[in-house]
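Okay, so here's the structure we're looking at.
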Amino acid sequence: MLRLILVIPLIGHGLAHISGFVASWTNNDAGFAPRPWIFSSRVSLGSPLGKVFGLVWLAASASLTASGVGLILQQHWWVTAALLGSILSLVVILPWWNSVPPGARIGAAFDVVLLLLLATPLKETALRYLV
């Protein structure tokens, strides 16, 4: 049961990252504000750098979603996928903080919690309850 409590947000957060890819590679409204990233007013999601970040959003999506599936299937690699996905997620959310939908900020908090649970001494305790 505790496993499902983590699986659902892992997969949901992973799928939500597709919006960053869509926002940077298409003209579809994916919920992002038309604001530049935090480092320069000349860089937007549709710019070449924004498209690179779109690919990282896609990688975060794949990694987080795979980690949820790996956890369901009780695969040992799910932790690595979750850590990688959380790091990639923060890498793409933080520079676009002014543009991301409000849910992405909740996602960033989820990433921090995952990192605290899986990359600190809390890992052994967390895994005992999840596996």
Side-chain angles (χ1 to χ4, degrees):
M1 180 65 179
L2 286 176
R3 191 175 310 138
L4 281 179
I5 291 172
L6 183 56
V7 164
I8 292 168
L10 272 173
I11 292 174
H13 185 45
L15 293 175
H17 274 281
I18 293 172
S19 67
F21 176 76
V22 169
S24 60
W25 282 86
T26 71
N27 292 325
N28 295 334
D29 179 17
F32 284 72
R35 294 187 195 115
W37 76 333
I38 62 172
F39 299 116
S40 169
S41 62
R42 292 180 293 209
V43 177
S44 67
L45 281 169
S47 69
L49 185 59
K51 290 186 184 297
V52 169
F53 272 85
L55 294 174
V56 179
W57 252 300
L58 192 59
S61 175
S63 186
L64 289 165
T65 303
S67 70
V69 172
L71 179 55
I72 289 171
L73 299 175
Q74 297 182 347
Q75 299 295 311
H76 67 281
W77 50 262
W78 79 268
V79 173
T80 303
L83 288 170
L84 176 63
S86 292
I87 291 167
L88 290 173
S89 177
L90 289 171
V91 164
V92 293
I93 290 173
L94 294 178
W96 299 96
W97 194 258
N98 296 329
S99 303
V100 296
R105 294 174 181 165
I106 295 167
F110 177 71
D111 293 326
V112 170
V113 169
L114 266 180
L115 290 171
L116 288 173
L117 285 176
L118 299 177
T120 67
L122 295 172
K123 178 181 176 181
E124 297 306 319
T125 303
L127 292 179
R128 195 174 321 129
Y129 289 105
L130 294 171
V131 180

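Residue numbers run from 1 in the order of the sequence given. Because the structure is predicted, anything quoted here is derived from the model rather than measured.
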Do [X] and [Y] land in one hydrophobic cluster if side-chain heavy atoms of ILVMFWY residues count as linked below 4.5 Å?
X   : Y    : value
W78 : F110 : yes
I87 : L94  : yes
V52 : I93  : no
I11 : I106 : no

So which atom in [X] and which in [Y] form the shortest heavy-atom distance, rounded to 0.1 Å?
X    : Y   : value
G107 : H13 : CA-CE1, 3.4 Å
S86  : L64 : N-CD2, 3.9 Å
A81  : S67 : CB-CB, 3.6 Å
K123 : V79 : CE-CG1, 4.0 Å
A30  : S19 : CB-O, 3.5 Å
P95  : L90 : CD-O, 4.0 Å

Check whether any side-chain heavy atom of [X] lies under 4.5 Å from a side-chain heavy atom of [Y], and answer yes or no.
X   : Y    : result
F53 : L45  : no
L6  : L117 : no
W96 : V43  : yes

Subject >> Working for side chain to side chain contact (heavy atoms under 4.5 Å, CB included), residues L55 and W25 >> reply: CA-CA 9 Å; L55 294 174; W25 282 86; 4.0 Å; yes

Original post:
In this structure, are over 12 heavy atoms from other groups packed under 6.0 Å from I38 atom CD1?
Top reply: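 Yes, the 6.0 Å shell around CD1 holds more than 12 heavy atoms from other groups.
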
Original post:
Take atom NZ in K51; do more than 12 heavy atoms of anything else shown fall under 6.0 Å from it?
Top reply: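 For K51, atom NZ is crowded (more than 12 foreign heavy atoms under 6.0 Å).
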
Subject >> W57 and H17 aromatic ring geometry - parallel, tilted or perpendicular at 30°/60° bounds >> reply: tilted

Subject >> Single hit among T120, L114, L115 for side-chain contact (heavy atoms from CB on, under 4.5 Å) with L118 >> reply: L114

How many angstroms lie between atom [atom1] of [X] and atom [atom2] of [Y], to the nearest 0.5 angstrom?
X   : Y   : atom1 : atom2 : answer
N98 : S41 : CG    : OG    : 11.5 Å
L83 : L88 : CG    : CG    : 11.0 Å
L10 : L15 : CG    : CG    : 11.0 Å

Does [X] use its side chain to pair, donor to acceptor, with the backbone of [Y] at less than 3.5 Å?
X    : Y   : result
T65  : A62 : no
S63  : A59 : no
R105 : W97 : yes

